[in-house]
Amino acid sequence: MTTPGFSGVLKLADLDDFITPSQECIIPVKVDRKVKAGADRSKSMEIDEGRSSKLQKVEITLSDCLACSGCVTTAETVLVSQQSGPEVLRVLTENFELPEIRRKLVLVSISNTAVLSLAAKYSVGALEAAQRISGYFKTLGADLVCDLSVAEDLVLFECQKEFVGKKQAGQVPVLVSACPGWVCYAEKTHGSWLLPYLSSVKSPQQLAGSLLKKPGKPMYHITLMSCYDRKLEASRPDFANDDQKDVDCVLTAVELQQMFENESKTLLDYDPIELDPIPFSNSTGAVEQLSTPRGSGSGGFAESVFVYASQQLFGITPDTLNYIPGRNPDLQELNLEKDGEVVLRFAVANGFRNIQNLVQKMKRKKCLYDYVEVMACPGGCLNGGAQCRPDQASQSRELLAHLDQRYKTELPTRPNVESNPNVLSLAKGMSKDDLHMQFHAVEMTPNALNIKW
């Protein structure tokens, strides 16, 4: 019997970001043959010579399911295994053994969020952590180690222009697509219905890759990120040209920590070396190492686009930005008023609880937002699934608050991208194909486990 008195929205409001196993989940789980068929795995008893003991409860976390259409597919598993610490060591060793004229140029792009995670893990400053990471990769044979600041600004600038055009055409809301976990979810769960609302601007990782892989010297491009799903993003067929991928290998903060530990070392065992200028930048001035855009630790999309759209569409330059807290800490709203009327509604929505509610509102045509910065991980990219773990699981919230504070206070904030002559100069020489990507709706594959009989 259907329980009366509850709407779908109310039910969704109580969701959290832990996904329990269900009949549709087909991630392989080893089942002891002694378990009685049809028994509840979380409560079933193993019978052994008259003695009984509880079986260990099956736990499947969000990281298992981000890129899932019913399961993490074999193809995706293979793609991820091709991007690992051992693979980097193998490639760089082989590259170093080649004659110099045949060697590939090895470039490493590092993200601020991953650097902050390692800085917190080893109790050093962010800039020192970045320079020691540079020193480590240089010992492996890397030629250049750069941050992603120029690529981030190019992405933000294109997002600004994209939104203004869509707002004027009435094609809102626009949903940020820089998070690969969110993109996988949209493609595999909601398909062609939701995809037109996604911003088609590439993520900073992929934009940097496509610019670096212009015709020239063969290159091996490594990125250091805070998210395992960046590996899946780098493996998309769209981001390859003539069998050459824009990003060859994605490493994460926790994997880099493991690489140190495999050598019985820490980050502090490597000498600091300054980051290199980004090869495709037109700037001739000093390199502003490890700076950030204004706004959230996930790239500041909402804040950057909000300020630009306020100026371009309504001639208003907001003095201060007042975020309105939502139902939970991962939902915030940002509104612009003119003559007592709200003319722009923006939001930052992190975590699948808020994503589900957002999608439901859109389906019911009750979504009032013009633009939403969407990230799959609660807390955004600073809390990425591949960041270094705290010593105790109970310290996760404290660590996120610590990283967020350091992001806002320790890293220099770059000026607005639309006033950066380097960004404007680079953007003029780029085509739409350079800056934008395509999405692909994925059809669910029927199988016996996800058929409700």
Side-chain angles (χ1 to χ4, degrees), residues 104-105 107-111 144 146-166 169 171 174-180 182-183 187 195-223 225 229-250 276-284 287 293 298-301 304-305 308 312 371 373 414 416-440:
K104 291 182 178 180
L105 181 71
L107 186 141
V108 182
S109 300
I110 61 176
S111 69
L144 299 172
C146 315
D147 71 1
L148 286 166
S149 57
V150 175
E152 289 171 348
D153 281 350
L154 283 168
V155 167
L156 289 174
F157 184 60
E158 187 66 13
C159 285
Q160 291 174 347
K161 295 191 299 179
E162 178 193 51
F163 171 73
V164 168
K166 288 194 172 186
Q171 299 171 352
V174 177
L175 311 177
V176 172
S177 63
C179 170
W182 151 240
V183 170
E187 290 181 323
L195 297 182
Y197 295 101
L198 267 63
S199 165
S200 63
V201 181
K202 291 180 180 178
S203 71
Q205 170 182 277
Q206 295 308 137
L207 180 58
S210 63
L211 293 175
L212 290 167
K213 288 295 185 78
K214 293 291 186 182
K217 182 178 176 63
M219 177 182 294
Y220 188 75
H221 184 205
I222 304 166
T223 61
M225 309 300 290
D229 285 311
R230 293 291 175 197
K231 298 174 185 283
L232 295 176
E233 179 184 44
S235 301
R236 290 174 72 98
D238 302 19
F239 298 139
N241 185 22
D242 297 329
D243 297 325
Q244 177 178 259
K245 295 190 295 183
D246 293 339
V247 176
D248 296 284
C249 186
V250 178
D276 297 292
I278 298 171
F280 54 77
S281 173
N282 292 337
S283 177
T284 57
V287 179
S298 299
F301 289 90
S304 175
V305 175
Y308 181 81
Q312 297 296 314
Y371 191 87
E373 180 182 308
R414 297 193 296 273
N416 294 339
V417 294
E418 62 272 16
S419 62
N420 186 328
N422 183 34
V423 171
L424 298 177
S425 175
L426 282 169
K428 286 181 181 179
M430 299 176 68
S431 67
K432 185 174 182 180
D433 289 340
D434 290 330
L435 294 162
H436 291 259
M437 63 179 289
Q438 294 181 336
F439 303 107
H440 309 283

Any donor and acceptor pair, going by atom type alone, linking the side chain of K231 with main-chain N or O of V250 inside 3.5 Å?
yes
Does E418 have any salt bridge (Lys or Arg N to Asp or Glu O under 4.0 Å) partners at least two apart in sequence or in another chain, and if so, which?
none
Could you verify whether a donor N or O on one side chain and an acceptor N or O on the other, from S149 and D147, lie under 3.5 Å apart?
yes
For a quick check under 3.5 Å, do D434 and S431 share a side-chain donor-acceptor pair by atom type?
yes
Could you go through the side-chain contact (heavy atoms from CB on, under 4.5 Å) check for L211 and L154 one step at a time?
CA-CA 11 Å; L211 293 175; L154 283 168; 3.9 Å; yes
Sort out for me which residue in M437, Q206, H436 forms a side chain to side chain contact (heavy atoms under 4.5 Å, CB included) with V201.
H436
Quick one: [atom1] on [X] to [atom2] on [Y], what's the gap to the nearest 0.5 Å?
| X | Y | atom1 | atom2 | value |
| --- | --- | --- | --- | --- |
| E233 | K202 | CD | NZ | 10.5 Å |
| S111 | Q205 | OG | CD | 9.0 Å |
| E162 | Q171 | CD | CD | 10.0 Å |
| I110 | T223 | CD1 | OG1 | 11.0 Å |

Non-hydrogen atoms of S298 and E373 that approach each other most closely
CB-OE2, 3.8 Å
What heavy-atom pair brings P180 and A178 nearest, and what distance separates the two atoms?
CD-O, 3.4 Å
Residues that [X] engages under side-chain hydrogen bond (donor to acceptor under 3.5 Å, both in side chains), provided they are two or more places apart:
| X | value |
| --- | --- |
| D153 | R414 |
| D248 | K213 |
| H440 | D238 |

Residue pair [X] / [Y], side-chain heavy-atom distance below 4.5 Å:
| X | Y | value |
| --- | --- | --- |
| S109 | P204 | no |
| R230 | S203 | yes |
| W182 | D229 | no |
| M219 | L144 | no |
| V176 | C159 | no |

Restricting to side chain to side chain contact (heavy atoms under 4.5 Å, CB included), what partner residues turn up for [X], sequence neighbours left out?
| X | result |
| --- | --- |
| L435 | E158, L207, M430 |
| S177 | V183, L198, S199, F439 |
| S304 | L156, Q160, V417 |

Go through the steps for Y308 and V164 under the test side-chain contact (heavy atoms from CB on, under 4.5 Å), then give the verdict.
CA-CA 9 Å; Y308 181 81; V164 168; 3.7 Å; yes
Does Y220, at its OH atom, have more than 12 non-hydrogen atoms belonging to other residues, nucleotides or ligands within less than 6.0 Å?
yes
Can you list the residues that meet the ring-ring contact (aromatic ring centres under 6.0 Å, His included) rule with F163, with sequence neighbours excluded?
F346, Y371
Run the side-chain contact (heavy atoms from CB on, under 4.5 Å) test on L195 and E187 for me, step by step, so that the C-alpha distance in whole Å, both residues' side-chain angles and the decisive distance to 0.1 Å come before the verdict.
CA-CA 7 Å; L195 297 182; E187 290 181 323; 3.9 Å; yes
